[in-house]
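Data block below; observations after.
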Amino acid sequence: MSPHTVGTTVAPESAAAHPATVRTRDWLIVAAAAIVALIALYAVFVDNGDLVSATGSYLHEFSHDGRHLFGAPCH
Amino acid sequence: MSVSAQPTPYPLLPLLGRGLAAGGIAGLASGLFSLLLAEPLMDRAIRLEEKRSAAEAATAHAGASHSGHSHAAEAEELFSRGTQHLGLVVTAVVAGLAIGVFFTLAYALSRGLRPGGSPNRSAPRDDGRDWQRSMGLAGAGFLALSLLPALRYPANPPGVGDGGTVTERQGLWLAALVIGVLGTVLAHQVHQRLGQAGHGLPVRQSGAAAAVVATLAALFLLPDNPDAVPVPATLLWDFRMLSLGGQVVLWGVLGAVFAAPSLRRQRSAPRERSASSTP
């Protein structure tokens with residue numbers, strides 16, 4: 001993560017003007033985490049065999065009980 | 001990676017760590033709650049379904065009529081019920097971790113931090129209101145993502161759900177989640193704006209309640225769940241209550257664990273209410 005983001009991060013020029021700021025790098029990491037989280041939520045609650053396997057919906061069946069309990073549609 | 005100029009950057013990454021830890025613990029707690037209380041019901045629902053489809057197969061000569069009802073048989077082929085019990089806990093933990101990330105994001109935004117690096121006002125490390133903010137956010141999350149969608153599309157036990165309509169139902173469910181979030185944000189905005197306009201709590205809370213009712217009305221404009229629910233009423237009621245109960249555990253533990261470190265800080269440090277007094 002950091003080698004990539006350090007390259008693209010602009011120096012926090014606004015840092016001096018404010019008592020508390022968030023580094024751009026930190027925002028990027030949190031944004032990346034949010035994307036991973038969305039994919040994970042899709043995998044456990046929505047996927048019907050498109051992500052992992054063409055022969056069976058393994059993710060669907062493994063998370064089957066959780067889907068029912070969280071109110072996610074199930075077959 | 002040059003280490004900070006003198007104004008210390010807001011510690012967003014530790015906050016993310018807190019969100020992940022709280023989410024994981026909350027997911028585990030919710031998963032264990034459901035494992036103990038809801039799994040017996042689900043196992044019973046699956047046995048009932050097997051009986052039902054066996055009876056169906058006996059009357060109508062097995063095949064054509066029940067394309068979407070191979071549920072139990074199919075589930076057993078891929079994973080045993082024991083594995084699916086484990087899957088429930090894993091699913092809950094994964095969901096908890098993911099929700100923890102968004103909880104962190106919402107929390108940071110609610111403290112006035114904006115993407116782009118600058119807070120819209122000075123964002124103190126700890127203004128002594130972390131507990132209220134965290135629990136309030138957890139309550140909002142429950143309302144937006146659990147309660148409101150569940151009022152429109154309540155959870156159904158195994159044995160309910162036609163494979164042929166699953167895509168349609170997923171669309172409806174996701175729409176309900178989006179409406180739940182938008183409605184909750186709207187209610188919060190109404191509450192804030194009325195306050196800024198100088199109104200007291202009775203008016204502000206009535207306004208927020210009206211926003212929630214409007215959201216419910218919007219949810220009921222969505223089409224009904226197309227599937228039949230051939231499940232005994234008591235089993236269905238118990239399952240739905242336990243479904244909501246598991247989500248109460250998830251959000252409650254998430255909010256509490258997320259705020260817990262600030263409680264300790266508050267106790268050990270002398271009480272300072274003034275914003276950003278510590279350098």
Side-chain angles (χ1 to χ4, degrees), chain A residues 1-3 5-7 9-50 53 55-75, chain B residues 1 4-5 7-10 12-13 16 31 34 38-39 42 68 71 74-75 78-79 83-85 87-88 90-92 94-95 97-99 101-102 104-105 108 113 115 117-119 122-125 149-150 153-158 161-163 166 169-170 172-174 242-243 246-247 276:
Chain A
M1 190 79 243
S2 54
T5 48
V6 163
T9 300
V10 195
E13 75 286 339
S14 61
H18 295 280
T21 63
V22 176
R23 288 191 197 136
T24 309
R25 185 201 61 166
D26 289 9
W27 276 119
L28 290 177
I29 290 174
V30 170
I35 291 168
V36 172
L38 265 187
I39 294 170
L41 286 175
Y42 177 88
V44 292
F45 287 131
V46 183
D47 180 64
N48 286 316
D50 304 321
S53 154
T55 55
S57 26
Y58 285 95
L59 278 173
H60 184 124
E61 290 304 336
F62 187 67
S63 61
H64 172 271
D65 291 19
R67 287 187 186 205
H68 276 286
L69 268 167
F70 280 94
C74 219
H75 60 89
Chain B
M1 217 186 272
S4 64
T8 41
Y10 186 81
L12 190 57
L13 291 187
L16 180 62
S34 301
E39 280 295 6
M42 297 178 85
H71 187 272
E74 186 186 318
L78 272 176
F79 292 113
T83 309
Q84 286 188 322
H85 287 185
L88 166 68
V90 174
T91 300
V94 170
L97 288 170
I99 290 171
V101 172
F102 292 107
T104 305
L105 207 51
L113 300 166
S118 61
S122 71
R125 281 187 80 113
Y153 300 116
N156 284 318
D162 182 348
V166 70
R169 284 180 291 124
Q170 284 178 332
L172 294 177
W173 182 63
L174 293 175
L242 286 172
S243 164
Q247 294 177 75
S276 70

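Per chain, numbering begins at 1; letters A, B, ... match sequence-line order. All figures in this text were calculated on a predicted structure; none of them were measured in a lab.
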Can you tell which part of A/Leu38 gets under 4.5 Å to a heavy atom of chain B, answering side chain, backbone, both or neither?
both
How many angstroms lie between CG in B/Leu88 and NE2 in A/His68, if you round to the nearest 0.5 Å?
11.5 Å
Stepwise side chain to side chain contact (heavy atoms under 4.5 Å, CB included) test for B/Leu105 and A/Trp27:
CA-CA 9 Å; B/Leu105 207 51; A/Trp27 276 119; 3.8 Å; yes
So, taking the atom named CG in B/Leu12 and the one named OG1 in A/Thr24, what distance separates them when rounded to the nearest 0.5 Å?
11.0 Å
Which bit of B/Leu16 is near chain A, if near means a heavy-atom gap under 4.5 Å: side chain, backbone, both or neither?
side chain
Taking every non-hydrogen pair under 4.5 Å, which of A/Ala40, A/Gly66, A/Ala34 racks up the most with chain B?
A/Ala34
Can you say whether B/Ala38 sits under 4.5 Å from chain A via the side chain, the backbone, both, or neither, judging by heavy atoms?
side chain
Heavy-atom contact with chain A under 4.5 Å, split by part of B/Gln247:
side chain
Can you check whether A/His64's main-chain N or O pairs, donor with acceptor, with B/Gln84's side chain at less than 3.5 Å?
no
Side chains of A/Glu61 and B/Thr83: closer than 4.5 Å at any heavy-atom pair?
no
Quick one: closest heavy-atom pair of A/Gly71 and B/Ala155, and the distance?
CA-CB, 3.7 Å
Out of curiosity, A/Arg67 CZ to B/Trp173 CH2, how far, rounded to the nearest 0.5 Å?
8.5 Å
I'd like to know whether A/Leu69 forms a side chain to side chain contact (heavy atoms under 4.5 Å, CB included) with B/Met42, so could you lay out the CA-CA distance, the side-chain angles of the two residues, the decisive distance to 0.1 Å, and finally the verdict.
CA-CA 9 Å; A/Leu69 268 167; B/Met42 297 178 85; 4.0 Å; yes
Which pair of non-hydrogen atoms, one from A/Arg25 and one from B/Leu13, has the smallest distance, and what is that distance?
NH2-CD1, 3.8 Å
Given a strict heavy-atom distance threshold of 4.5 Å, which part of A/Ala31 is in contact with chain B: side chain, backbone, both, or neither?
neither
Assess the residue pair A/Asp65 and B/Thr91 against the criterion (side chain to side chain contact (heavy atoms under 4.5 Å, CB included)); give the C-alpha distance rounded to whole Å, side-chain angles, the decisive distance to 0.1 Å, and a yes or no.
CA-CA 9 Å; A/Asp65 291 19; B/Thr91 300; over 6 Å; no
When rounded to the nearest 0.5 angstrom, what is the spacing between CZ in B/Phe102 and CG in A/Leu41?
6.5 Å
